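First comes the structure, then the notes that go with it.
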Amino acid sequence: MTQRSLAPESVGMQRWKTVLFAALCGAAVGGLFKLTGHHALSEISFFAKDHALLSHSSLYYACLGCWVIFSLYWEIAAKDSAPAKNSEAKASRGVHVFLTNAALIMIAAPIYGVGRVWPASSPVMIAGLGFEIVGLSLAIWARRHLGRNWSGEITIKQEHELIRSGPYQYL
């Protein structure tokens with residue numbers, strides 16, 4: 001892991017630059033879909049709308065809603081983290097952010113060839129929503145116990161300490 005030192009005031013600015021860059025990339029991709037005529041991609045069976053998934057719209061939107069609420073909580077809670085002494089390299093962080101965003105697109109996009117292995121039936125989707133809620137709850141529980149030691153990137157915080165409560169008492 002290549003480390004870089006961070007000034008406390010630059011951490012927030014870097015986070016917003018990353019969010020802005022991701023938003024601009026998403027807008028660019030959306031613009032390309034619009035310019036090229038999104039319908040051209042939907043003619044390829046891999047990119048066709050997943051009508052089986054969309055037929056369970058209430059469960060689909062519940063899944064997306066959980067991720068939106070979780071993401072908002074995650075960003076708000078990040079403001080209380082301690083300043084970092086050292087942090088992972090930008091390239092390493094970029095890989096993590098890319099993989100996370102690719103996974104979220106696979107969850108959110110109702111595209112036939114993306115993200116689904118099991119059939120889109122009510123029992124499967126209810127079970128998936130249950131697993132999602134348990135997983136997000138575990139992430140929130142862990143985040144709350146980390147407190148100021150939490151970071152979205154691999155860092156060593158100022159006054160870093162080992163956490164032994166919450167889910168970490170079992171690890």
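Quick caveat: nothing in here was measured; it's all calculated off a predicted structure.
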Extract all donor-acceptor atom pairs below 3.5 Å that involve side chains of residues 160-168 and protein atoms in other chains or at least two apart in sequence.
residue : atom : partner : partner atom : Å
His160  : ND1  : Lys157  : N            : 2.9
Ser165  : OG   : His145  : ND1          : 2.9

Please tabulate, for the side chains in residues 95-102, all donor-acceptor contacts under 3.5 angstrom to protein atoms that are two or more places apart in sequence or on a different chain.
residue : atom : partner : partner atom : Å
His96   : ND1  : Glu88   : OE1          : 3.1
His96   : ND1  : Ser92   : O            : 3.4
Thr100  : OG1  : His96   : O            : 2.9
Asn101  : ND2  : Val97   : O            : 3.3

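Cluster partners of Trp141 are Leu138, Tyr170, counting Ile, Leu, Val, Met, Phe, Trp and Tyr whose side-chain heavy atoms approach within less than 4.5 Å, directly or via other members. Under a 4.5 Å side-chain heavy-atom cut-off, the cluster of Ile, Leu, Val, Met, Phe, Trp and Tyr residues that includes Leu72 is completed by Val68.
Checked against side chain to side chain contact (heavy atoms under 4.5 Å, CB included), Ala127 has no partners two or more places apart in sequence or in another chain.
Around atom OH of Tyr61, no more than 12 heavy atoms belonging to other residues, nucleotides or ligands sit under 6.0 Å away. Counting heavy atoms of neighbouring residues, nucleotides and ligands inside a 6.0 Å radius, atom CD of Gln169 exceeds 12 of them.
The distance from atom OG of Ser71 to atom CG of Leu136, rounded to the nearest 0.5 Å, is 8.5 Å. In this structure, OG1 in Thr155 is found 8.5 Å from CG in Asn149, a value given to the nearest 0.5 Å. Rounding to the nearest 0.5 angstrom, the gap separating the CD1 atom in Ile140 from the CD1 atom in Ile133 is 10.5 Å. Annotation: the span from Ser55 atom OG to Met125 atom CE amounts to 7.5 Å, rounded to 0.5 Å. Note: Tyr73 OH to Arg144 CZ = 5.0 Å, rounded to the nearest 0.5 Å.
For residues 120-138, every residue pair satisfying the side chain to side chain donor-acceptor pair (under 3.5 Å) rule, not counting sequence neighbours, is listed here: His56-Ser122, Trp67-Glu132.
For the pair Ala78 and Trp150, the tightest heavy-atom approach, listed with the atom from each and the gap, is CB-CZ3, 3.3 Å.
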